[in-house]
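Only one structure is covered here, and it is reproduced in the block below.
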Amino acid sequence: MKIEQAKIKKNIVILGAGFGGIAAAFEIAKKLGKFNLEGSYELILADKNDYHTYTPTLYEIATTSKNLANQMDLKSIATFPLKTIFLGKRITILKKTVSELDLIDGDIHFTGGEKLPFDYLVLALGSESNYFNIPGLKEHSLPLKSFLDALKIRDLIWQKVESGEKNIKIVIGGGGSTGVELAGEIKSWLCQLEEEFSKCDASVQIIEGAPSILPGFNQKIINKVSERLRKIGVELLLNELIEKVEPWKAILKSGRIVEFDVLIWTGGVKSASLMGTLPLKKEQRGRVEVVGEMECFPQSPNLNLYGKIYGLGDAICFYDPLTGKPVPLIAEAAIKEAKVASHNLMEEIKLAEGLTAKPDYQKYNPAKEFPYMIPVGGKYAVAKIGPLIISGLLGWVVKGLVEINYLLLNVLPPIQAFKVWLKGLWIFVKNDRLG
Ligand SMILES: Cc1cc2nc3c(=O)[nH]c(=O)nc-3n(C[C@H](O)[C@H](O)[C@H](O)COP(=O)(O)OP(=O)(O)OC[C@H]3O[C@@H](n4cnc5c(N)ncnc54)[C@H](O)[C@@H]3O)c2cc1C
């Protein structure tokens with residue numbers, strides 16, 4: 001069944017309302033208005049959820065005591081309804097899961113059998129956990145990719161806390177930024193709980209295959225974060241690879257066996273699996289490759305793709321022409337790529353509408369270095385902005401300011417953004433009693 005719509009209009013469809021999809025929707029909506037094209041083009045944003053997830057707070061959601069905040073409180077801090085984000089904008093929001101894409105005939109298929117034709121398409125479907133085919137890993141671990149994942153982690157740990165279990169063993173597979181943030185927060189959270197629940201005896205271990213945590217990060221950051229983790233009692237098992245997982249134990253390549261009560265896997269992500277099925281140009285590791293102008297090209301030159309297709313964010317792979325390395329899968333890159341993709345898409349539309357004879361295409365030039373903030377337990381974070389490294393309470397304050405900046409500039413109306421931010425601050429500060 002085709003989704004009903006005014007047939008005279010052409011469809012610009014954005015798939016995925018994550019960091020990149022939201023930025024693209026704002027940008028395209030603004031320009032359709034500016035060029036008075038709203039009567040000729042329908043802007044549609046489709047996502048399996050009717051909300052946008054702010055992933056940087058997920059580690060906090062996974063470690064907030066149940067007696068401090070219920071699911072609805074947490075949902076209102078980490079997720080934002082698309083209807084609220086786009087209030088007053090001419091954007092059609094569809095809560096639908098994409099099941100298949102026909103890029104030759106120009107159709108999007110949703111689960112349930114509905115079909116939506118597109119003329120312009122933006123692929124912003126993000127990423128999913130990569131389990132690298134490690135036997136038993138997916139079955140016996142919890143991921144941290146979505147709001148519901150974060151709740152599941154919290155519920156499982158809290159259940160163990162409430163049942164009075166002693167020496168709870170929490171193991172985190174993967175010492176990248178997500179694993180590090182989560183490990184630090186779990187350890188300090190469990191130790192800070194009120195006396196009746198306090199679980200300072202809980203062990204939190206990170207298993208990392210590289211010789212240090214945060215592989216690829218600046219050495220000073222690695223040293224600072226490692227020192228902080230050790231200080232708060234997180235154990236680092238470095239140069240260790242998980243070979244297989246059985247109930248309550250991870251068997252490492254070295255032969256070591258690590259027992260766990262809770263195993264969380266943050267050791268890898270890969271583009272949304274749907275991307276791999278598309279007849280688009282891919283790089284040597286099979287990821288859809290997008291170059292400067294963020295346009296997707298067909299897998300072979302004799303294949304004709306329907307309309308114009310752009311890709312961005314975690315869903316694609318973009319090699320930095322300067323370093324030859326893929327751009328990291330982070331929110332800032334997704335947002336910048338979205339702005340370039342949207343600009344170029346609108347240049348195509350202007351050309352088609354006779355509003356320009358010479359489109360002014362942009363190229364995405366990745367930043368030399370992306371700024372980042374890594375919270376490591378309580379009111380402590382390490383932030384790197386250009387050459388400046390800030391750590392401790394000040395780093396945590398910088399992280400808070402970056403968050404409110406994102407909400408204000410990219411997501412919510414100012415008053416609502418402040419309300420959400422203050423609510424989160426109030427809950428998380430109460431949760432981090434000892435700082
Ligand atoms: C726990 C965690 C913490 C992070 N912290 C940071 C941080 O502090 N700073 C930072 O820069 N980056 C951080 N990241 C990375 C950042 O979240 C991603 O790089 C960013 O979300 C990528 O944006 P995107 O738009 O490409 O994809 P996403 O934001 O993942 O959005 C993809 C969207 O597509 C939707 N979708 C997927 N499949 C389908 C389908 N089949 N049908 C319909 N909809 C679908 C999803 O629901 C989602 O809304 C973190 C990630 C995680 C998991």
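When a residue number appears, it is its place in the shown sequence, counting from 1. It should be emphasised that the depicted structure is a prediction, and the values quoted were computed from it without experimental measurement. Numbering of ligands and ligand atoms starts at 1, following listing order.
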Heavy-atom contacts with [X] under 4.0 Å: which atoms of ligand 1 show up? List them by number with element.
{"X": "A124", "answer": "32 (C), 33 (C), 34 (O)"}
{"X": "G126", "answer": "26 (O), 27 (O), 30 (O), 32 (C)"}
{"X": "N49", "answer": "47 (O)"}
{"X": "K96", "answer": "42 (N), 43 (C)"}
{"X": "L329", "answer": "15 (C), 19 (O)"}
{"X": "T97", "answer": "41 (N), 42 (N), 43 (C)"}
{"X": "G18", "answer": "25 (O), 28 (P), 29 (O), 31 (O), 33 (C), 49 (O)"}
{"X": "T55", "answer": "1 (C), 2 (C), 3 (C), 4 (C), 14 (N), 16 (C), 17 (O), 50 (C), 51 (C), 52 (C)"}

- Task: Give the residue, atom name and distance (to 0.1 Å) of the protein heavy atom nearest atom 41 (N) of ligand 1.
- Result: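 Ranked first by proximity to atom 41 (N) of ligand 1 is V98 O, 3.1 Å.
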
- Query: Considering only the protein, which heavy-atom contact is closest to atom 9 (N) of ligand 1, and what is its distance?
  - Reply: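 The answer is P56 CG, 4.2 Å.
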
Counting C-beta onward and ignoring hydrogens, is there a side-chain heavy-atom pair between [X] and [Y] closer than 4.5 Å?
{"X": "E181", "Y": "V376", "result": "no"}
{"X": "M373", "Y": "I385", "result": "yes"}
{"X": "K48", "Y": "T111", "result": "no"}
{"X": "T79", "Y": "L74", "result": "no"}

Does any N/O atom on [X] come nearer than 3.5 Å to any N/O atom on ligand 1?
{"X": "D47", "result": "yes"}
{"X": "A331", "result": "yes"}
{"X": "G20", "result": "yes"}
{"X": "A315", "result": "no"}
{"X": "K48", "result": "yes"}
{"X": "L144", "result": "no"}
{"X": "I330", "result": "yes"}
{"X": "D314", "result": "yes"}

- Spell out, as yes or no, whether a donor-acceptor pair under 3.5 Å connects the side chain of E208 to the backbone of P211.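 Between the backbone of P211 and the side chain of E208 there is no qualifying donor-acceptor contact (under 3.5 Å).
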
- Item | Criterion ring-ring contact (aromatic ring centres under 6.0 Å, His included) on Y372 and F217, from CA distance to verdict | CA-CA 10 Å; Y372 49 80; F217 280 65; 4.9 Å; yes

- For a side chain to side chain contact (heavy atoms under 4.5 Å, CB included) with C296, tell me which candidate from V122, V290, L278 qualifies.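 It is V290; the other options fail the test.
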
- Please determine which of M275, R285, Q284, R287 meets the side chain to side chain contact (heavy atoms under 4.5 Å, CB included) test together with C317.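 Exactly one option meets the side chain to side chain contact (heavy atoms under 4.5 Å, CB included) with C317, and it is R287.
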
- Task: State yes or no: are the ring centers of Y54 and F147 separated by less than 6.0 Å?
- Result: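 No, the ring centres sit 6.0 Å or more apart.
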
- Query: So, for Y406 and F19, is the gap between ring centers shorter than 6.0 Å?
  - Reply: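 Y406 vs F19: aromatic centres under 6.0 Å.
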
- According to the interplanar angle, ranging from 0 to 90°, do the rings of F80 and H52 count as parallel (below 30°), tilted (30 to 60°) or perpendicular (above 60°)?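 It falls in the tilted class, 30° to 60°.
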
Measuring from the heavy atoms of [X], does anything fall under 4.0 Å of ligand 1?
{"X": "E128", "result": "no"}
{"X": "A272", "result": "no"}
{"X": "L125", "result": "yes"}

- Give, for atom CG of N11 and atom OH of Y41, the distance between the pair rounded to the nearest 0.5 Å.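 If I round to the nearest 0.5 Å, the distance is 11.0 Å.
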
